[in-house]
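The chains referred to below are lettered A, B, ... by the order of the sequence lines, with proteins before strands, and numbering in each begins at 1.
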There are 2 protein chains.
Amino acid sequence: MAADPTRPSRAEQRRQTEARILDAARRLFAASGFDRTTIRAVATAADTDPGLVMRYFGSKDELFARVAELSPDRPVAGSPEEVAELLLTSLADKLSTDMSGTLAMLRSMLTHPDAGEEVRVAVTEQQRQVAAAIPAEDAVLRAGLIGALTLGTVIGRHLLQLDGVRDAEVTDIVEVLRPAVHAIAGVGPAPEAAGTPAS
Amino acid sequence: MAADPTRPSRAEQRRQTEARILDAARRLFAASGFDRTTIRAVATAADTDPGLVMRYFGSKDELFARVAELSPDRPVAGSPEEVAELLLTSLADKLSTDMSGTLAMLRSMLTHPDAGEEVRVAVTEQQRQVAAAIPAEDAVLRAGLIGALTLGTVIGRHLLQLDGVRDAEVTDIVEVLRPAVHAIAGVGPAPEAAGTPAS
DNA sequence: CATTTCAGTCAACATCCGTAGACTGAAATG
DNA sequence: CATTTCAGTCTACGGATGTTGACTGAAATG
């Protein structure tokens, strides 16, 4: 019944509290978006005080900027076929990873101007790279539509939770989407009928 | 200098005011979403008073429900090829029509639970019909991914305004997406190489 | 013309939010 | 031990929002 032999130091205590706040913020922003998530709710969920949240993170906007993040897309390049495969791998990441930080951003992208811009910039950058690899007049459009397909799939799975998409295996989704991505990228049918083609 | 010969009757006046309010609400909800659109802003944009908006439409939620609407999808059926073509026609509608009522709904779907449910139900219904026409074990997944592609395309064009997608001709988008939709629907390559196939 | 109806206006209320600042007590420091 | 630092708590302010209700004046009604 003695007191804890290793009581956390003050610095450690603070780190834990900050972490609890960040976790709660990520979760609530992802679940309800920026506007409907209140500092008070974050504080309650983190079992602390609104004042502390402000003192540690400055403002609601700064807290949001801290936890809402798009995991950076890896650069894509090569032949259209290679680019398509890289995009499918990238999509697989987005469908499997935890992503609550990303979901916070995506959830708010249609109503929070900053979040919308951030998503737009990220998609546009990937679009630019993809377009550069597609030999066609309408390369930008094609790349943009691949971005739209990606975005729609992530939204459908994680935010709208569409039947069949919500619970599907990531590999199955990629399988179904492979010929579609290849088609939009302007290449012929998928390299192989089924299974991820080896090297 | 005489007074207007045909001064609008009181009933007519009211109809005009209601129409101004509805127009303003549609526009503002579409531009900023539910939470960031205030009754006061709607009233100002409609050149009236917040109290009047309340008296005519009851509450902010009712006003939103009145102007935010998904134009009903026409039923789709037939062979996978036919269904794919019907979906592309439906998509073309969604990309060209004015749509500010639809945009009000879509803009809010990620942050306003009711709007999210309404979109989900609409997509799910179309998904059900499409899945019924696809002879495959994973028909529901495939139909869901076509829904995701559609949703992503509309979002990319009207809400995120992606480069190349924002300004593209509707027919060009449909052209690029045709083989993709056919591929996801599980049919072979598009029926024709280019141009809308005649009957 | 007398009366009623009602579109439109105005002011206020209750609530919630982000945020600021004073305060407390225990841990760190010398 | 005396002093300082600082994590954590509490209270309150200023502003915005949805919503309500009283009021006004002109159009409709008989």
[X] [atom1] to [N] [atom2]: how many Å, rounded?
| X | N | atom1 | atom2 | result |
| --- | --- | --- | --- | --- |
| B:R20 | C:dG8 | CZ | P | 7 Å |
| A:M54 | C:dG21 | CE | C1' | 12 Å |
| B:K60 | D:dT19 | NZ | P | 8 Å |
| A:E18 | D:dA7 | CD | P | 9 Å |
| B:D49 | D:dG25 | CG | P | 16 Å |
| B:D35 | C:dC16 | CG | C1' | 13 Å |
| A:R55 | C:dG18 | CZ | P | 19 Å |
| A:L52 | C:dA22 | CG | C1' | 14 Å |

Query raised in the report: So, B:R20 and B:D23, do they make that salt bridge, N to O below 4.0 Å?
Result: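 Salt bridge flag = no for B:D23 with B:R20.
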Requested in this report: Please report the closest heavy-atom contact between B:P50 and B:R40, naming both atoms and the distance.
Outcome: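 Reported closest heavy-atom pair: CG-CG, 3.9 Å.
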Requested in this report: Determine which bases of DNA chain C form Watson-Crick or G-U wobble pairs with both distances under 3.5 Å, and write the result as a 5' to 3' dot-bracket string with | for other-strand partners.
Outcome: ||||||||||||||||||||||||||||||
Query raised in the report: Can you find a side chain N or O atom of A:T38 that sits less than 4.0 Å from OP1 or OP2 on C:dC16?
Result: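 Answer is no, no contact under 4.0 Å.
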Query raised in the report: Does B:T17 have a side-chain nitrogen or oxygen under 4.0 Å from the phosphate oxygens OP1 or OP2 of C:dG8?
Result: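 Yes, B:T17 has a side-chain N/O under 4.0 Å of OP1/OP2 on C:dG8.
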Query - Non-hydrogen side-chain atoms of B:I21 and B:E18 separated by less than 4.5 Å - result: no
Query raised in the report: Can you find a heavy atom in the side chain of A:F29 that is under 4.5 Å from one in the side chain of A:L63?
Result: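 A side-chain contact under 4.5 Å exists here.
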Report task. Give the nucleotide from the list D:dA7, D:dT9, C:dG8 with an atom nearest to the side chain of A:T48. Result ->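 From the listed options, D:dT9 comes nearest.
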Requested in this report: Start with the C-alpha gap between B:F34 and B:D114, add the side-chain angles, then the distance that decides, and say whether side-chain contact (heavy atoms from CB on, under 4.5 Å) holds.
Outcome: CA-CA 11 Å; B:F34 181 83; B:D114 293 357; over 6 Å; no
Requested in this report: State which residues pass salt bridge (Lys or Arg N to Asp or Glu O under 4.0 Å) with B:D35; sequence neighbours excluded, sorted by chain then number.
Outcome: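 Partners of B:D35 under the salt bridge (Lys or Arg N to Asp or Glu O under 4.0 Å) test: A:R36.
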Report task. Quick one: label B:F57 by what it contacts on the DNA or RNA (base, sugar-phosphate, nothing), any heavy atom closer than 4.0 Å. Result -> nothing
Query raised in the report: Is there a donor and acceptor pair closer than 3.5 Å between the side chain of B:R10 and the base of D:dA26?
Result: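 When only heavy-atom distances are counted, B:R10 does not reach the base of D:dA26 through any donor-acceptor pair under 3.5 Å.
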Query raised in the report: Looking only at N and O atoms, is any donor in the side chain of B:R40 or the base of D:dA16 less than 3.5 Å from an acceptor on the other one?
Result: no
Query - Pairwise distance CG(B:L86) to CG(B:L91) - rounded to 0.5 angstrom - result: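 Nearest 0.5 Å value for the CG-CG distance: 12.5 Å.
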